[in-house]
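Data block below; observations after.
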Amino acid sequence: MTEDVYTEIIWTIEDLIPFLGIIALCIVIVVLYFRKKHNEIEKRSEIIKTVLEKDSGSVPEELLKTLNKPKRSLKERLLSKLLWGMICTLIGLVLVVAVYPKVCEDKADFLTLGFVSLAVGAGLVVYYFIARRVLRSEIEKEERMLKD
């Protein structure tokens, strides 16, 4: 009796190993992302410090604008949402179409993953169209600023 319980405990620990690996990978990605952001902020502050040491006056407006300029425009960010929405939708469709005729216990996870991917993709596509309509004036204003 105790061997069966021990075997079940070992089995559940073995099942958790892939999830622990995924969690560890996510933690590493988050740490690297915030480390990169911290380094960017440090570089900006060093540039401003050197300008202030040389000029000892105020920091030029052009320098602040170039240092604080967003990397991607609002339109580019919206288009990336559309791209990922289309990718997730297509992955979801492929999984659902490929697995649905052969639904059995082994393939039920893929079918669920397909529906989740399909839902996420559809949500991102809907978000793109709503955000494009709502943020139209901001996008036009940003494009005019880039032309100037």
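Only this structure's heavy atoms are used, side chains among them; waters, hydrogens and symmetry mates stay out. Here the structure is a predicted model, which is why all the values come from computation and not from measurement.
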Next on the checklist: Checking Leu83 now: which residues fulfil side chain to side chain contact (heavy atoms under 4.5 Å, CB included) with it, not counting sequence neighbours?
Outcome noted: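 For Leu83 the side chain to side chain contact (heavy atoms under 4.5 Å, CB included) partners, ignoring immediate neighbours, are Ile87.
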
Item to check | Residues which pass side chain to side chain contact (heavy atoms under 4.5 Å, CB included) with Glu46, listed by chain and number, not counting sequence neighbours | outcome: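 So Glu46 forms no side chain to side chain contact (heavy atoms under 4.5 Å, CB included) with any residue.
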
Item to check | Minimum heavy-atom distance Glu42-Ser45, with the two atoms named | outcome: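 In terms of heavy atoms, the two residues are closest at O-OG, 2.8 Å.
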
Checklist entry - Do you know which two heavy atoms are closest between Val96 and Gly114, and how far apart they sit? => result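 In this case the closest contact between Val96 and Gly114 is CG2-C, 3.7 Å.
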
Item to check | Co-membership, hydrophobic cluster, residues Trp84 and Val126, 4.5 Å side-chain | outcome: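 No.
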
N/O donor-acceptor pairs under 3.5 Å from side chains in residues 21-37, not counting sequence neighbours:
none

[atom2] on [Y] to [atom1] on [X], rounded to 0.5 Å:
X      : Y      : atom1 : atom2 : answer
Ile91  : Met86  : CD1   : CE    : 12.0 Å
Leu135 : Glu140 : CG    : CD    : 11.5 Å
Leu95  : Leu113 : CG    : CG    : 5.5 Å
Arg132 : Leu79  : CZ    : CG    : 9.0 Å
Arg44  : Ile41  : CZ    : CD1   : 7.0 Å
Lys43  : His38  : NZ    : NE2   : 11.5 Å

Next on the checklist: Under the rule for side-chain hydrogen bond (donor to acceptor under 3.5 Å, both in side chains), what residues qualify as partners of Lys75, not counting sequence neighbours?
Outcome noted: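 Per chain and number, Lys75 pairs via side-chain hydrogen bond (donor to acceptor under 3.5 Å, both in side chains) with Glu143.
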
Item to check | Partner set under side-chain hydrogen bond (donor to acceptor under 3.5 Å, both in side chains) for Glu40, not counting sequence neighbours | outcome: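 In terms of side-chain hydrogen bond (donor to acceptor under 3.5 Å, both in side chains), with neighbours along the sequence ignored, Glu40 is linked to Lys71.
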
Checklist entry - Between the main-chain N or O of Leu74 and the side-chain N or O of Glu138, is there a donor-acceptor pair closer than 3.5 Å? => result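 It does not hold such a pair.
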
Checklist entry - Hey, are the side chains of Leu82 and Tyr127 touching, using non-hydrogen atoms and a 4.5 Å cut-off? => result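 No, too far: nothing below the 4.5 Å cut-off.
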
Tabulate below the donor-acceptor pairs under 3.5 Å that side-chain atoms of residues 115-124 make, not counting sequence neighbours, or state none.
from, atom 1, to, atom 2, distance (Å)
Ser117, OG, Cys88, O, 2.7
Ser117, OG, Gly92, N, 3.4

